[in-house]
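To find a chain, count down the sequence lines: A is the first, B the second, and so on, and within it residues start at 1.
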Amino acid sequence: MPKIEGTERIDLYRIRVPKGFVPGMKTEGIIFVDETLEQELELESVRQVANVATLPGIVGKSLAMPDIHTGYGFPIGGVAAFDVEEGVISPGGVGYDINCGVRLLKSNLTKEEVEPKIRELIDLLYAHIPSGVGSTGKIKLSPKDEREVIKKGAIWAVEQGFGDAEDLQRIESHGCLEGADPDAISQKAYERGRAQQGTLGSGNHFLEVQYVAEVYEPEIATVMGLSKGQVTVMIHTGSRGFGHQICDDYVRVMLQAAKKYGIELPDKELACVPFRSREGQQYFSAMKGAANYAWANRQCLMHWTREVFLRLFNLSPKDLGMKVVFDVAHNIAKEEFHFINGERKRLIVHRKGATRAFPNGHPELPDCYKDIGQPVLIPGDMGRVSFVLVGLPKAMEETFGSTCHGAGRLLSRNQAIKQARGRSIKQELAERGIIVRSAGKETLAEEMPDAYKDVSNVVDVVHNAGIARKIVKLKPMGVIKG
DNA sequence: ATGTTC
């Protein structure tokens, strides 16, 4: 019996949301879940998968990854591709935190070398990485800087002395989407973004010191510079209030414009316009600006992380060996080519809480990863584990080169706060050997491990379904939260 | 996620 009436199990790792689940579906939905994760499916998120299938110009199926949960209009964990000529673009298909994403750094340090200093390290990182709701940083963008960040992304940060040109090779899209238009962004977004470059933010954003706990594919891990016992740093943040404001602005624009273009919406939160329309192109070029802002943000935070490590461990940059493994976007829409029934088509692929997972040989991969495929970075919750995977050819066939992005929430923020009442999450994590420093009082409760699905189950589904392959498992040692 | 309800 399916958990959600009307869905059908296809095999061990996929269920179908058939046409007719909601009226007007142009294609079926596919959700990647095994029977365990199926028990955690929310009816509302399944309905969202179905709603997306009603939108004009959808190509292939409306997809969702095993970390699916209910989002704004589109489900989080959703992937939907639209024809650039006949299809739409939707801010809800990207999410409020445009280019929320993850960067992984490797180091030459071992777990044993870092352990005695972990408390000091976390304190120093906390002191040097601005975090928390509304946090502002050490960077104040001038009007000229703002436009440069929007146009250049991580390249801007490198030009300012944050990190090296070498870092850019190992960032999705090299940390810069071309075609960002500073004039498509509101004054209000500029105001919110001005002082937030180089800040972590709050919610599920974090900076975590980890070690490689398990290596599944030693040869591939070696290409990424990863081996057992080695210390890594994972940075999870996005475009802060800047991207949030851009999403807000364009949801409003598109609600009006959708009527004008005669688009029927089963849910207002699916507000969208034709990709080729004026409003569609404006949103896309503003979204690129926010994506670039986020890549600059992760570049700045990485630079300060390096500085803290260099000072505390008194090493030269060469000896520390803190290099980018990769940096991925989890919330973004991209123009990409995909083969549909043997025909090469230009599509606008929306990934919302989903990660690009291109296989080996893909032309968009940097030379260093051409042979192994794109590294996929999957953060778990604070108390458990995170994973590095690589994309596989099957992802190109089934999911427009995409996979999951994280553990996926089990409890809403309010439910989590309620369940954490009377407990000390900080203490519970300390007992598991994880040092936490947090800016916000309630953030730890909202983000406690129990609030999330087990990321290991999520990753096993995409691994077993053959769209991405597990390479290493990472365990947290210490974390700073917003 | 978010100047955590313009």
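Aromatic ring orientation, A:His244 versus A:Tyr96: tilted (interplanar angle from 30° to 60°).
Residue A:Glu446 contributes atom CD, which lies 13 Å from atom P of B:dT4 at whole-angstrom precision. In this structure, A:Ile76 atom CD1 and B:dT2 atom C1' are separated by 13 Å, rounded to whole Å. Across the protein-nucleic acid pair, A:Tyr96 atom OH and B:dC6 atom C1' stand 12 Å apart, rounded to whole Å. Atom-to-atom, CG of A:Leu444 to P of B:dT4 comes out at 20 Å; the value is rounded to the nearest Å. Between the CG atom of A:Asn331 and the P atom of B:dT2 there is a distance of 11 Å, rounded to whole Å. Distance, A:Gln187 CD to B:dC6 P: 20 Å, rounded to whole Å.
Residue-to-nucleotide proximity on DNA chain B shows that, of A:Asp97 and A:Val133, the 5′-proximal contact is made by A:Asp97.
Among the heavy atoms of the strands, none lies under 4.0 Å from A:Glu191. Heavy atoms of A:Arg240 sit under 4.0 angstrom from primed sugar atoms or phosphate atoms, though from no base atom. Using a 4.0 Å heavy-atom distance criterion, A:Lys352 is classed as making no nucleic acid contact. Nucleic acid contact for A:Gly238: none, since no nucleic acid atom lies under 4.0 Å from a heavy atom of the residue.
Judged as a side chain to side chain donor-acceptor pair (under 3.5 Å), and not counting sequence neighbours, A:Thr27 has no contacts.
A:Thr403 OG1 to A:Arg351 CZ: the interatomic distance, rounded to the nearest 0.5 Å, is 10.5 Å. Separation of atoms CZ (A:Arg409) and OG1 (A:Thr70) is listed at 12.5 Å; rounding is to 0.5 Å.
Regarding contacts with the backbone of B:dT4, every side-chain N or O of A:Ser202 stays at 4.0 angstrom or more from both OP1 and OP2.
Under 3.5 Å, the side chains of A:Gln197 and A:Arg240 contain no donor-acceptor pair of N or O atoms.
By the 4.0 Å N-to-carboxylate-O rule, A:Arg14 lies close enough to A:Glu398 to be salt-bridged with it. Between A:Lys152 and A:Asp145, none of the side-chain N atoms (NZ, or NE/NH1/NH2) sits under 4.0 Å from a carboxylate O, so this pair counts as no salt bridge.
Non-hydrogen atoms lying under 4.0 Å from DNA chain B are contributed by A:Gly241, A:His244, all within residues 241-248 of chain A.
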